[in-house]
Amino acid sequence: MEILYNIEHRGEKRIAINTPFSNDIYKRIKMVKDRRWSATKKLWHFPDTDETKEQLFTLFPEYSKEISKLRQREAHTNADKETKGENKAADTKELKRVLITKNTIDHKLYINVPFEYMHYVKQIKGAYFNPGIKGWILADNEFTIKALQQNLKDNTINYTITIENESRSINPTNPKTTKAVIIKNIEDGNLYIQIAYQHKEIIKRLSGVIFDKKWREWVIKATENAIEALQLELEREGIPFDFKIEEKGRIKRKSTALEALAVLNKSKEQELEKFRQWMRQKRYSESTIKDYSSCLKVFLRYYGKREITTINKEDIENFNYNFIIRNNYSEKTQNQYISALKTFYIKMYKINHEIEELERPIASRRLPKVIAKADVEKILRSIRNIKHRMILTTIYSLGLRRSELINLRIKDINFERKAILIYNSKGKQDRVLPLPGKLEKQMHRYMEMYQPKRYLIEGHKEGERYSAASIGKIFKRYVEVIIPGHNFTPHSLRHSFATHLLDSGVDLRYIQELLGHKSSKTTEIYTHVSMRSLSFIKNPIDDFDI
């Protein structure tokens, strides 16, 4: 094994390991904290810290000599530094000089800090390292320097900042620059903005903006300040941007139902926020708060000029017909609007009690989509990525919802009792599930390799929840290989778990407990897709001689 201790990665010293691939080596490498894979150099690299060297020394005893030499070399280097007579007190950190150059041409900040403090700059939003000038580049705004000062102050760094104005011809390519296409449509007076979707929370701050799902772009009225407002929001986040602005006519598209609605005035915005606060203090779940707030916002925009207290049952029925029915929204959506309005008027305001008589739509009963047991086995066996296999296996073997898997903490798993606690699930219910033997083996292997700190399945950052959208993507990827053109979702694994239990003779009452259903009627739907009883029925056609 060759240890390359002198490599740099984005201005940071790293220890690199170059060794032939094997499952054993890979398993041990994945146990090292903050490891990274370099696709260009085809090797793994780690932070150049004492903690990392201790980990490597423990995990790779066969290479102890090479690691010991590396540690000795570091010790000699530190000893040399001490003998050079650095004049500083033992309890005082060295005064570090931070040079900030303001470029008057491209309006960027070029920041040079001592090597060991690079990560304090890296934490600032929008910062990226340019190898050409061996420095960090950020947007020139009031937030950047304040953020840097705060980071250094929080870590008790004794520093001095020198700020210089300079005109540079350097115009480095920024891989993180946000590019956007903004089309001013001269026919309908709208702006159509195509921008990276990860900036949705930023662009949603603009007043009156709507996302067009069909065309995958944001729509806003073309006011004088619209583009400037977007630029300001990006600058506040420290995100460099490059706008391509076009003014042209294009085919006028049929406006969506939401685009035609009025913008909320200030008083109704306050009512909406009051509704959110009321639901939070009543301990509604965040998903319910989000859904009900969205429904109420659309309803208030529909009756833009009406006072809230003057709206009655007849007005809501008109809204149901003219907005929901005419725009082909589902009965499920209609039912959600009714729930939101009843919560707002009856439970919070305790007015317009006639709304209590508002009838809900007749809901259609759709059967759950179930994957055949043999296909589930093929799907799980085809997954080579241990983390991805852990995700889908856990959902199926425990019959979990996506939200339940994402919130499953390591402390909720009791390997001694072979039990798993599902805490604060849908409807604020807790339940205990038995831990299957094969799932337990996979968990031990997965946890040994990935070493999650808080949640069983964590995102890129340590202790952070995994993304529900990512679960959908990996499910689609693996299922498509086994069942091309399928229309299943991750929730189909939960349906399949319940149906397969029923097929194998498990009592419906136990299945209700495992799934965490409040009512047995909810669980009874699986009797309509189970083939346990129907398979014994002899069809008359089997007696025909055809």
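Taking both residues in full, the closest heavy atoms of Leu514 and Leu433 are given as O-CD2, 3.3 Å, listed atom of the first, atom of the second, then distance. A pairwise comparison of heavy atoms in Lys378 and Ile482 identifies CB-CG2, 4.0 Å as the closest pair. The shortest heavy-atom contact between Ala340 and Cys295 is CB-CB, 3.8 Å. Here the closest non-hydrogen pair linking Ser293 and Met279 is OG-CE, 3.6 Å. The two residues Asn407 and Asp412 come nearest to each other via the heavy atoms O-OD2, 4.4 Å. Taking each heavy atom of Lys184 and Leu191 in turn, the nearest pair found is CG-CD2, 3.2 Å.
Between Leu230 and Phe243, some side-chain heavy-atom pair lies under the 4.5 Å cut-off. Taking 4.5 Å as the limit, some side-chain heavy atom of Ile471 sits within range of a side-chain heavy atom of Ile406. No side-chain heavy atom of Tyr192 sits less than 4.5 Å from a side-chain heavy atom of Trp218. At least one side-chain heavy atom of Lys369 sits under 4.5 Å from a side-chain heavy atom of Asn487. In this structure, the side chains of Ser425 and Asp430 stay at 4.5 Å or more apart for every pair of heavy atoms.
For the atom pair CD of Glu233 and CD1 of Ile203, the computed distance is 10.5 Å after rounding to the nearest 0.5 Å. Between Tyr466 atom OH and Ile474 atom CD1 the span is 4.5 Å, to the nearest 0.5 Å.
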For this session: Apply side chain to side chain donor-acceptor pair (under 3.5 Å) to Thr288 and Ser285, showing your working.
Result: CA-CA 5 Å; Thr288 302; Ser285 68; 2.8 Å; yes
For this session: Start with the C-alpha distance between Arg276 and Glu273, add both sets of side-chain angles, then the distance that settles salt bridge (charged side-chain N to carboxylate O under 4.0 Å, His left out), and finish with yes or no.
Result: CA-CA 5 Å; Arg276 291 193 190 100; Glu273 183 57 33; 3.0 Å; yes
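Under 4.0 Å is where a charged nitrogen must lie from a carboxylate oxygen, and between Glu440 and Lys438 no such pair does. In this structure, Lys426 does not pair ionically with Glu404, as no charged nitrogen and carboxylate oxygen lie closer than 4.0 Å. Between Lys268 and Glu271, none of the side-chain N atoms (NZ, or NE/NH1/NH2) sits under 4.0 Å from a carboxylate O, so this pair counts as no salt bridge.
Taking the six-membered ring where the residue is Trp, Phe275 and Trp278 present parallel rings, their angle staying beneath 30° rather than reaching 60°. Ring planes of Phe319 and Tyr303: tilted class, angle from 30 to 60°. The aromatic rings of Tyr337 and Phe323 stand perpendicular to each other, their planes meeting at an angle above 60°, with 30° marking the opposite boundary.
In terms of the salt bridge (Lys or Arg N to Asp or Glu O under 4.0 Å) criterion, Glu458 has no residue partners (sequence neighbours excluded). For Lys179, the salt bridge (Lys or Arg N to Asp or Glu O under 4.0 Å) test picks out Asp242, with sequence neighbours left out. Glu416 is linked by a salt bridge (Lys or Arg N to Asp or Glu O under 4.0 Å) to nothing, counting only residues two or more places apart in sequence or in another chain.
There is no side-chain donor-acceptor pair under 3.5 Å between Tyr455 and Arg409. In this model, no donor atom of one side chain and acceptor atom of the other lie less than 3.5 Å apart for Arg509 and Thr523. No donor-acceptor contact under 3.5 angstrom links the side chains of Ser496 and Thr499, judged on distance only.
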